[in-house]
Amino acid sequence: MRTRRSVRPAQALAGVLLTAALTVTGCSGAGGDSGSSLADDKAAVAPERGQEAARDGAAGDAGAGQGAPGSSADGAPAATPKATANHVVRTASLTVRVKDVPEALEEARTATGNAGGYVGDETTRRDAEGHEHTRVVLRVPVARYAEVLAALEGSGELVERRAKAEDVTGQVVDVDSRVASQRASVARVRELMDRATKLSDVVTLEGELSTRQADLESLLAQQASLKDRTSLATITLSLSGAPAEPGGSDDGPGFVDALAGGWDAFVTVLRWLTVAIGAVLPFAALAALLVLLWVKALRPLLRRRPRAASGVAPAPAPVRPGGGQEDPAN
């Protein structure tokens, strides 16, 4: 009984002292918080990135520590986590030899369009032998990837096939988490801007908001790229024309072959003779013109000059039987 009576006054005294201490602390804290709330918020903006990085690292460590299924950190049974969908980037490369390249390319376009995809880059060229080669990039939904791939393989003779599947689930989850954190960070800075009253505070917060907004846009671009790569598979199709089939017989040349070869040789010789005659004809025409000029004009003139110089009259021309005179030059 004495022990109980001595304990009760001690407990009552301790309670009175604790109450008084809390009252004094509350009064002093209330007076200080009213004047420094905005300053504390601004001071929290600068190290906030480091805190977010630390939180991300702590979350990763916690995830590693909770790797044991069916148990929490303290050993108590945990709820079954929701299954995460797999995100896989699928790519394939096909080389197919076909008889008609334009026709096979049109079939590939039709199959891609029917599957809900689209045609990307396309390149067509011809080699020295006249064979056509076409390279086209096709984007098809992942759900129809196997179907379109099988249709393209059956369009001709398959020469080469390469397929690749890359699991990017970790990247997708990481980028999604960072996007959510960055959006929350941007929202907090905007909240502080709405509460700021000083011009210097507004300028500082605007610079911080621009930086965080740029980081958010970069993360959104990464997120869109991953979504495009995981939702649409990429198929690179190379089409080449089939080479000419070899002759069906290996026997020696027959009469028809010899006749065709002789005719080709005759036509070739005739063509070259025609070319030679055409090349010589201008010179032959000039030579004939010079000979005609010599016979008709220069030669009689040269014969008359010696007689005129000696002073002898030319003999009268003999009379022809028909009554005309014969030319003395003849």
Side-chain angles (χ1 to χ4, degrees), residues 41 44-67 69 73 78-94 109 111-122 135-149 152 162-194 204-237:
D41 290 339
V45 170
E48 191 169 340
R49 290 186 180 179
Q51 293 175 2
E52 290 175 359
R55 284 197 298 270
D56 294 341
D61 295 340
Q66 294 176 356
T80 303
K82 186 179 180 180
T84 304
N86 292 331
H87 299 273
V88 181
V89 177
R90 299 187 180 276
T91 57
S93 175
L94 291 178
R109 290 174 177 169
T112 303
N114 294 338
Y118 64 92
V119 178
D121 299 336
E122 180 179 336
R135 181 181 179 275
V136 62
V137 178
L138 309 174
R139 302 297 306 279
V140 297
V142 174
R144 307 288 297 275
Y145 166 73
E147 176 185 347
V148 175
L149 196 62
L152 296 177
R162 295 180 181 178
K164 181 181 178 182
E166 180 183 2
D167 190 357
V168 294
T169 305
Q171 297 181 28
V172 172
V173 172
D174 177 66
V175 171
D176 291 346
S177 175
R178 292 170 62 188
V179 166
S181 300
Q182 196 67 19
R183 280 177 173 167
S185 176
V186 170
R188 284 195 296 271
V189 176
R190 286 178 176 172
E191 218 176 279
L192 293 176
M193 287 184 64
D194 294 338
T204 302
L205 291 172
E206 282 183 349
E208 188 67 26
L209 179 62
S210 300
T211 302
R212 299 194 180 197
Q213 190 69 34
D215 294 341
L216 177 59
E217 292 176 358
S218 176
L219 290 173
L220 290 175
Q222 295 180 31
Q223 189 181 47
S225 176
L226 286 172
K227 183 178 180 181
D228 177 72
R229 292 169 57 197
T230 54
S231 60
L232 293 176
T234 304
I235 302 176
T236 304
L237 177 64

query = Between T112 and L138, what is the shortest heavy-atom contact and its length?
reply = OG1-CD1, 3.5 Å

request  = Supply the atom-to-atom distance T234 OG1 to K164 NZ, rounded to the nearest 0.5 angstrom.
outcome  = 11.5 Å

request  = Mind running side chain to side chain contact (heavy atoms under 4.5 Å, CB included) on V119 and V137 for me, showing each step along the way?
outcome  = CA-CA 6 Å; V119 178; V137 178; over 6 Å; no

message = Is it the case that the side chain of T211 and the backbone of G207 share a donor-acceptor pair, with hydrogens and angles ignored and the cut-off at 3.5 Å?
response = yes

key: Straight-line distance of T204 OG1 to L192 CG, nearest 0.5 Å   = 11.5 Å

request  = Might you work through the side chain to side chain contact (heavy atoms under 4.5 Å, CB included) test for Y145 and L232, ending with a clear yes or no?
outcome  = CA-CA 8 Å; Y145 166 73; L232 293 176; over 6 Å; no

note = One should read off an interatomic distance between R183 CZ and L220 CG, to the nearest 0.5 angstrom, of 5.5 Å

request  = May I ask you to check whether over 12 heavy atoms, not counting those of D121, lie within 6.0 Å of atom CG?
outcome  = no

ask   = Ignoring hydrogens and geometry, is there a side-chain-to-backbone donor-acceptor pair from Q182 to D215 under 3.5 Å?
value = no

Gap between atom OG1 of T169 and atom CG of N86 - 0.5 Å precision = 4.5 Å

task = Hey, could you give me the CG/OG distance between L205 and S210, rounded to the nearest 0.5 Å?
result = 11.0 Å

request  = Spell out, as yes or no, whether a donor-acceptor pair under 3.5 Å connects the side chain of S177 to the backbone of V173.
outcome  = no

task = Working to the nearest 0.5 Å, report the span between CZ of R229 and CZ of R90.
result = 13.5 Å

query = Is any side-chain N of the basic residue among D228 and R139 closer than 4.0 Å to the acidic one's carboxylate O?
reply = yes

key: Cationic N near anionic O, under 4.0 Å, R190 to D194   = no

query = Would a 4.5 Å heavy-atom cut-off, applied to side chains only, mark R109 and E122 as touching?
reply = yes

message = Ignoring hydrogens, what is the shortest heavy-atom contact between G117 and P141? Give both atom names and the distance.
response = N-CD, 3.9 Å

message = Can you list everything that forms a side chain to side chain contact (heavy atoms under 4.5 Å, CB included) with T230? Sequence neighbours excluded, please.
response = H87, V89, V168

task = Indicate the atoms forming the closest heavy-atom contact of V179 with L216, along with that distance.
result = O-CD1, 3.9 Å

task = Evaluate the side chain to side chain contact (heavy atoms under 4.5 Å, CB included) criterion for residues E166 and V88: first the C-alpha distance (whole Å), next the side-chain angles of each, then the deciding distance (0.1 Å), finally the verdict.
result = CA-CA 5 Å; E166 180 183 2; V88 181; 5.8 Å; no

message = With side chain to side chain contact (heavy atoms under 4.5 Å, CB included) as the criterion, how do I235 and V148 come out once you've worked through the C-alpha distance, each side chain's angles and the decisive distance to 0.1 Å?
response = CA-CA 9 Å; I235 302 176; V148 175; 4.2 Å; yes

Validation row: L94, L149 side chains within 4.5 angstrom (heavy atoms) = yes

ask   = For E206, which residues count as a side chain to side chain contact (heavy atoms under 4.5 Å, CB included) partner, sequence neighbours excluded?
value = M193, V202

request  = Using a strict cut-off of less than 4.0 Å between a Lys/Arg side-chain nitrogen and an Asp/Glu carboxylate oxygen, indicate whether R144 and E147 qualify as a salt bridge.
outcome  = yes

